[in-house]
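Notes for the one structure printed next.
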Amino acid sequence: MEWGAPGYLWLLLAGAPLSLLALRSARRARLLRQELTGGRQKKVADLLTWGVAAAAMMLLVAALAGPRFGEESHERLAQGGDILFLLDTSRSMLTRDLGQSRLDAAKEAVRKAMVGLKGERVGLVAFAGSAFLVCPLTTDYALFDQVLKEAGEETLPLPGTSLAAALKEARRALQGEGDGPRVVVLLSDGEDHEGEYVAAARALNAAGVKLYAVAAGTLPGGPIPLPGGGVQKDRDGSFVLSRLRPETLREAAQSGGGEMVDIVALPARLATLPLQKSAAKPASSRQAQRERFQVPLSLALALLCAEPLLLFRGRP
């Protein structure tokens with residue numbers, strides 16, 4: 001079994017003290033009812049309702065983490081290669097130094113690049129402090145465009161920027177996808193808070209995938225807008241300027257066997273890559289882990305629906 005978004009499992013650590021607080025609150029409520037009614041309240045009811053709520057919470061977290069188990073075979077008729085876009089959705093991508101935000105400019109470049117596609121599968125990974133495959137490889141360009149439209153700063157809960165996390169997620173998403181042409185397009189301003197992106201890019205290239213880094217931003221940079229208005233400042237009250245880091249993007253692309261591309265030149269450059277095929281390739285099959293988030297989600301909903309009944313039966 002594997003997890004699609006294992007980062008959510010860390011919520012279980014936060015849930016442990018919250019569950020204890022909930023149990024303590026239930027005990028206090030039982031004692032208060034006992035003082036008011038003069039009756040004797042059962043401790044079993046407290047434990048039962050607390051246990052059901054805690055189990056439901058853990059199952060909901062498990063559903064968010066995206067469990068996958070049980071292999072299923074996928075048949076596909078491919079007419080081109082696979083293109084996986086890695087979209088930086090961190091806060092610095094909101095900087096408006098390209099006439100619009102870097103994020104909007106990156107999305108626009110992707111849409112323009114897709115105009116020249118001829119049957120290639122496309123996918124999308126959104127990343128900030130973590131990374132997640134928000135759109136698996138598909139030839140449904142309308143679906144891809146809708147997911148691309150909705151991707152933004154709030155897509156991922158973990159702040160920061162980790163290029164390595166994005167590249168590792170790309171490698172995982174492309175595993176078992178055959179030996180056809182595969183390209184990863186990284187759209188970012190080059191800011192990175194984690195490191196290790198060089199090793200991740202080399203591992204991606206070793207798997208037969210070329211990495212192209214698209215520079216989104218300018219060298220002078222600009223202030224970072226805040227969601228509630230205003231711009232980000234440091235401890236001294238000075239404006240925080242976010243600047244393009246071309247050296248980071250160039251190093252990552254070269255380590256991944258590709259090159260750095262200007263955001264305006266992406267559509268033309270992508271059209272020159274050896275991805276298009278004049279004839280369809282034979283149908284191929286692959287084994288993949290089946291999404292099973294419905295299992296813990298259904299169990300959690302069942303427990304939440306049963307909790308009021310258990311509480312009623314537990315009353316004297």
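Residues take their numbers from the sequence shown, with the count starting at 1. Hydrogens, waters and symmetry mates play no part in the numbers below; they use all other heavy atoms, side chains included.
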What are the two closest heavy atoms between [X] and [Y], and how far apart are they?
| X | Y | value |
| --- | --- | --- |
| Pro67 | Ala62 | CD-O, 3.1 Å |
| Asp189 | Ser242 | OD2-OG, 4.0 Å |
| Phe127 | Ala131 | CB-CB, 3.7 Å |
| Ser255 | Val198 | OG-CG1, 3.4 Å |
| Ala109 | Pro267 | O-CG, 4.0 Å |
| Pro246 | Met260 | O-SD, 3.5 Å |

Ignoring hydrogens and angles, write down the donor-acceptor pairs under 3.5 Å from the side chains of residues 213-220, residues two or more places apart or on other chains.
residue	atom	partner	partner atom	Å
Thr218	OG1	Asp97	OD2	2.9
Thr218	OG1	Gly221	N	3.2

Qualifying residue for side-chain contact (heavy atoms from CB on, under 4.5 Å) with Cys135, from Val147, Val122, Leu148, Val125: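 Going through Val147, Val122, Leu148, Val125 one by one, the side-chain contact (heavy atoms from CB on, under 4.5 Å) with Cys135 is satisfied by Val147 alone.
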
Which pairs, with at least one residue in [range] and sequence neighbours excluded, count as a salt bridge (Lys or Arg N to Asp or Glu O under 4.0 Å)?
| range | answer |
| --- | --- |
| residues 152-162 | Arg91-Glu153 |
| residues 237-256 | none |
| residues 52-64 | none |

Starting at [atom1] of [X], measure out to [atom2] of [Y] and round the result to the nearest 0.5 Å.
| X | Y | atom1 | atom2 | value |
| --- | --- | --- | --- | --- |
| Leu187 | Ile263 | CG | CD1 | 6.5 Å |
| Leu137 | Leu174 | CG | CG | 6.0 Å |
| Ile83 | Tyr212 | CD1 | OH | 10.5 Å |
| Glu150 | Asp145 | CD | CG | 10.0 Å |
| Leu84 | Leu124 | CG | CG | 7.5 Å |
| Ile224 | Met93 | CD1 | CE | 11.5 Å |

For Phe85, give me all partners under ring-ring contact (aromatic ring centres under 6.0 Å, His included), at least two apart in sequence or on another chain.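 With sequence neighbours excluded, Phe85 shows a ring-ring contact (aromatic ring centres under 6.0 Å, His included) to Phe144, given in chain and number order.
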
Partner set under side-chain contact (heavy atoms from CB on, under 4.5 Å) for [X], not counting sequence neighbours:
| X | result |
| --- | --- |
| Lys233 | Phe239 |
| Leu301 | Leu297 |
| Val264 | Asp262 |

Hey, quick one: are [X] and [Y] part of the same hydrophobic cluster, counting side-chain heavy atoms closer than 4.5 Å, chains of contacts allowed?
| X | Y | result |
| --- | --- | --- |
| Phe132 | Leu143 | yes |
| Leu59 | Val295 | yes |
| Leu103 | Leu241 | no |

Just jot down the salt bridge (Lys or Arg N to Asp or Glu O under 4.0 Å) partners of Arg269, sequence neighbours excluded, or say none.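 Once residues adjacent in sequence are excluded, the partners of Arg269 under the salt bridge (Lys or Arg N to Asp or Glu O under 4.0 Å) criterion are Glu259.
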
side-chain hydrogen bond (donor to acceptor under 3.5 Å, both in side chains) contacts touching residues 126-137 (sequence neighbours left out):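 Pairs touching residues 126-137 that pass the test: none.
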
Donor-acceptor under 3.5 Å ([X] side chain, [Y] main chain):
| X | Y | value |
| --- | --- | --- |
| Glu108 | Ala106 | no |
| Thr161 | Gly129 | no |
| Arg182 | Ala207 | yes |

Check residues 164-172 and write down every donor-acceptor pair under 3.5 Å in which the side-chain atom is one partner and the other belongs to a residue at least two apart or another chain.
residue	atom	partner	partner atom	Å
Glu169	OE1	Arg172	NE	3.4
Glu169	OE2	Leu133	N	3.2
Glu169	OE2	Arg172	NH2	3.0

Salt bridge flag under 4.0 Å for residues Asp82 and Arg121: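 Arg121 and Asp82: salt-bridged.
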
With a cutoff of under 4.5 Å between side-chain heavy atoms, which Ile, Leu, Val, Met, Phe, Trp and Tyr residues group with Val115?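 Reading the cluster by chain and number, Val115 sits alone, since nothing else belongs.
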
May I ask you to check whether Asp192 and Thr248 show a side-chain donor-acceptor distance below 3.5 Å?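 Checked: Asp192/Thr248 side chains show no N/O donor-acceptor pair below 3.5 Å.
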
Looking only at side chains, do Glu191 and Ser90 share a donor and an acceptor under 3.5 Å apart?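 Checked: Glu191/Ser90 side chains show no N/O donor-acceptor pair below 3.5 Å.
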
Do Ser188 and Leu249 pass the side-chain contact (heavy atoms from CB on, under 4.5 Å) test, and can you show the C-alpha distance, the side-chain angles, and the key distance before you say yes or no? CA-CA 8 Å; Ser188 173; Leu249 296 173; 4.2 Å; yes

Take Lys107 and Leu87 through the side-chain contact (heavy atoms from CB on, under 4.5 Å) test and state the conclusion after the steps. CA-CA 8 Å; Lys107 291 182 179 181; Leu87 181 64; 4.3 Å; yes

Lys210 side chain near Val184 side chain, heavy-atom distance below 4.5 Å: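 A side-chain contact is absent here, since even the closest heavy-atom pair is not under 4.5 Å.
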
Please walk me through it: do Leu186 and Asp88 pass side-chain contact (heavy atoms from CB on, under 4.5 Å)? CA-CA 8 Å; Leu186 171 67; Asp88 188 346; over 6 Å; no

Stepwise side-chain contact (heavy atoms from CB on, under 4.5 Å) test for Lys149 and Arg111: CA-CA 10 Å; Lys149 179 181 179 180; Arg111 292 192 182 96; 3.8 Å; yes

